[in-house]
Amino acid sequence: MTLFKDTIDNIKPILEEAKNKGDVRGYGRNHGAIWPEGRSLVLQEDTAMELGSEKGSLFMIAWGEKGSLPSPGHLSLLGPDLRESEGDQLPLGLIVLVSGEFTDDYKTYQDVLDVVFDSRLEGVSVRVWPERQRVWCRVSHKALDNNFSLQSLGNALMENLAGQEFVEEAEVILVSDRDYLERLAPLSGRVKNILDALTKMYEEMDFDCDNCDYQEICEEVENLKKIRENLRKEKEGA
Amino acid sequence: MKGIIAVCGKGGVGKTTISALLCRLVLEKEGIRGLAIDADPGGGLSQALALPVKKSVNDLRGQIITSAGEEKGNRATLAASIDYQLWESLTEYRNLAFLSVGRPEEEGCYCQVNSLLREAIHLLAEQFDVVIIDAEAGIEQVNRRVIDYIDQLILVSDLSVKGVRVAESIREVAVRNLKINQVQLLLNRVSRSREGKNVEKIAGLSDLPVLGWLPEDEAVFDFDFNEHSFLQFPDTPVMQTIRSLF
């Protein structure tokens with residue numbers, strides 16, 4: 001049982017339903033060109049499209065055992081791509097799922113986050129605020145004129161994840177449809193709770209569970225309890 | 001006009017005005033993206049440009065410390081959050097972005113937050129073609145709070161011996177604390193009657209390389225007095241000189 005088994009299991013039926021309704025487009029890895037890395041500065045006057053931020057966004061990272069991902073090696077797009085949108089703003093959800101053999105969940109969290117953080121695409125600014133589960137993306141006129149799309153963004157992230165030794169399989173889900181964003185929001189809230197509890201354990205090394213805000217989530221998620229016990233023993237042995 | 005330019009000097013010599021005029025010059029440069037950093041706790045550059053401060057670096061620092069509980073928080077999460085909020089803090093005007101550093105922090109050691117903030121400012125600055133820093137006289141604060149290298153340090157002085165001596169002492173501190181490519185003296189508010197010999201005499205007092213001198217300009221006084229944005233400054237002799245020097 002891993003930290004996010006329930007979360008990943010709960011994403012599957014949403015994707016499945018979207019597939020049945022024809023609301024999702026799936027792309028395999030290497031489908032489409034890889035967008036070049038480069039200067040990601042996009043000021044307002046250069047912006048063709050703005051996505052996410054506080055106007056509607058979701059950011060989630062989760063990981064599990066090999067074989068646990070809904071569509072490993074795939075990029076899924078729920079909602080319109082940039083050129084299909086009528087306005088110059090769109091909501092944005094960015095879900096990054098990876099699988100493999102992870103011995104240190106806390107390190108895995110930092111490593112996956114680093115991959116997202118270090119992805120600097122030419123003419124595209126992507127910034128994430130993990131504590132608020134926010135993602136904010138600006139796409140320049142030049143990038144849009146050169147056919148940058150959400151597929152390009154997903155491809156670039158998939159490529160960067162595939163280049164990491166700790167990743168066996170990766171999957172990226174991009175959401176630009178507000179309804180699906182709202183349906184996925186509770187799952188992202190749960191991921192945030194788990195990650196906050198994990199961070200607290202590692203950073204504070206305080207195991208006074210009676211006075212902890214994360215007592216409930218630790219009781220719910222079996223693996224969090226195991227991590228807590230291991231850290232407690234480590235602390236006592238030190 | 002390229003790289004990181006810091007403008008520094010004795011109080012009252014006009015460094016904020018010169019920084020503002022450099023920002024005005026950025027607006028003329030097609031394809032150039034500029035970042036103006038107000039590193040003077042007085043916050044004069046924001047007023048000179050008439051660009052509001054959304055959130056200063058110090059506000060951001062305070063929020064992070066409060067929400068993350070001092071030194072707690074995962075390094076990668078903090079780095080991403082600081083990066084996001086720093087970009088959100090920028091006030092933009094055409095091809096120019098503006099960031100205020102704010103007042104110096106309160107007592108206490110928050111090394112992780114401080115070092116991540118500096119790293120984030122460094123990453124931010126790297127994205128721009130030109131960065132203009134309006135620095136306070138104590139340039140060592142720039143190293144501690146903003147950035148650790150400068151391409152061009154402009155030491156501003158009026159035609160006073162004291163101004164030049166202060167510029168020299170700033171240079172001494174600056175070269176000890178920061179990596180600097182070039183240090184130059186810029187004489188400001190030179191009246192017609194004092195052009196020539198007076199400029200030569202003042203410049204001769206120091207071994208600081210002289211970048212040039214800016215003429216006294218009534219329009220600067222008017223803009224300041226009427227609180228007009230220097231981003232709208234007309235093409236007067238001082239602006240023309242700035243353009244020829246940078």
Side-chain angles (χ1 to χ4, degrees), chain A residues 38-47 50 52-55 57 59 61 94 96 104-120 122-138 140 142 192 195-206 213, chain B residues 23 26-27 29-36 51 54-55 60 63-99 110 112-113 116 119-131 231:
Chain A
R39 184 155 93 156
S40 63
L41 170 69
V42 185
L43 294 182
Q44 252 162 20
E45 76 159 10
D46 305 316
T47 303
E50 188 144 18
S53 80
E54 77 273 17
K55 291 163 201 146
S57 74
F59 173 64
I61 286 175
L94 170 58
V96 178
D104 183 339
D105 283 293
Y106 193 54
K107 187 172 181 310
T108 303
Y109 176 34
Q110 302 201 36
D111 290 344
V112 179
L113 193 53
D114 277 344
V115 175
V116 178
F117 185 65
D118 293 339
S119 297
R120 308 275 165 179
E122 180 69 36
V124 182
S125 160
V126 182
R127 325 220 87 86
V128 294
W129 187 351
E131 290 106 323
R132 300 275 171 101
Q133 302 155 275
R134 267 187 211 165
V135 56
W136 172 29
C137 175
R138 275 179 176 178
S140 68
K142 199 173 170 190
K192 178 183 162 18
L195 291 173
D196 284 351
L198 185 71
T199 302
K200 186 173 189 288
M201 279 180 210
Y202 272 84
E203 295 296 330
E204 295 186 12
M205 287 291 210
D206 178 1
D213 294 341
Chain B
C23 292
V26 169
L27 301 185
K29 309 266 181 187
E30 209 179 319
I32 291 282
R33 299 287 170 265
L35 172 66
L51 294 178
K54 283 191 191 168
K55 191 195 281 181
L60 173 56
Q63 280 176 11
I64 294 162
I65 290 166
T66 310
S67 65
E70 299 175 7
E71 287 295 276
K72 295 168 188 85
N74 152 336
R75 180 199 53 78
T77 313
L78 265 178
S81 307
I82 288 172
D83 172 72
Y84 186 109
Q85 292 180 80
L86 208 55
W87 282 90
E88 213 178 35
S89 305
L90 296 179
T91 307
E92 295 178 40
Y93 181 83
R94 292 170 47 190
N95 58 337
L96 181 76
F98 169 72
L99 179 71
Y110 303 104
Q112 188 185 1
V113 175
L116 285 171
E119 201 177 302
I121 293 172
H122 176 93
L123 288 172
L124 176 81
E126 258 183 2
Q127 295 277 312
F128 288 84
D129 302 292
V130 61
V131 179
L231 294 176

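- Proximity to chain B (any heavy atom under 4.5 Å) is restricted, for A:V135, to the backbone atoms N, CA, C and O.
- Of the listed residues (A:R134, A:Q110, A:Q44, A:R120), the one with the most heavy-atom contacts under 4.5 Å to chain B is A:Q110.
- Taking CG of A:L195 as the start and CD1 of A:I61 as the end, the distance is 7.5 Å to the nearest 0.5 Å.
- Of the two parts of B:Y93, neither the backbone nor the side chain holds a non-hydrogen atom closer than 4.5 Å to a non-hydrogen atom of chain A.
- The structure places OG of B:S81 at 11.5 Å from CD of B:Q63, a figure rounded to the nearest 0.5 Å.
- Ranking A:R138, A:R132, A:K200 against chain B, the residue ahead of the rest is A:R138, based on heavy-atom pairs under 4.5 Å.
- Taking CZ of A:F59 as the reference point, atom CZ of A:R127 lies at 13.0 Å (rounded to 0.5 Å).
- A:D46 touches chain B through its side chain: at least one heavy atom from C-beta onward sits under 4.5 Å away, while N, CA, C and O do not.
- Ranked by heavy-atom pairs under 4.5 Å with chain A, the list B:L123, B:D83, B:N95, B:I82 is led by B:D83.
- In this structure, no portion of A:S125 lies under 4.5 Å from any heavy atom of chain B.
- Residue contact with chain B, scored on non-hydrogen atoms closer than 4.5 Å, involves the side chain of A:Y109 exclusively.
- For A:L113, the part sitting under 4.5 Å from any heavy atom of chain B is the side chain, from C-beta outward, and nothing else.
- For the atom pair A:Y202 OH and A:K107 NZ, the distance stands at 11.5 Å (nearest 0.5 Å).
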Are A:V115 and A:V96 close enough, and set up right, to give a side-chain contact (heavy atoms from CB on, under 4.5 Å), and what steps lead you there? CA-CA 10 Å; A:V115 175; A:V96 178; over 6 Å; no

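- Rounding to the nearest 0.5 angstrom, the gap separating the CD atom in B:E126 from the CD1 atom in B:I121 is 13.0 Å.
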With side-chain contact (heavy atoms from CB on, under 4.5 Å) as the criterion, how do A:V126 and A:S40 come out once you've worked through the C-alpha distance, each side chain's angles and the decisive distance to 0.1 Å? CA-CA 8 Å; A:V126 182; A:S40 63; over 6 Å; no

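- In this structure, chain A has a heavy atom under 4.5 Å from the backbone of B:L96, while its side chain stays farther away.
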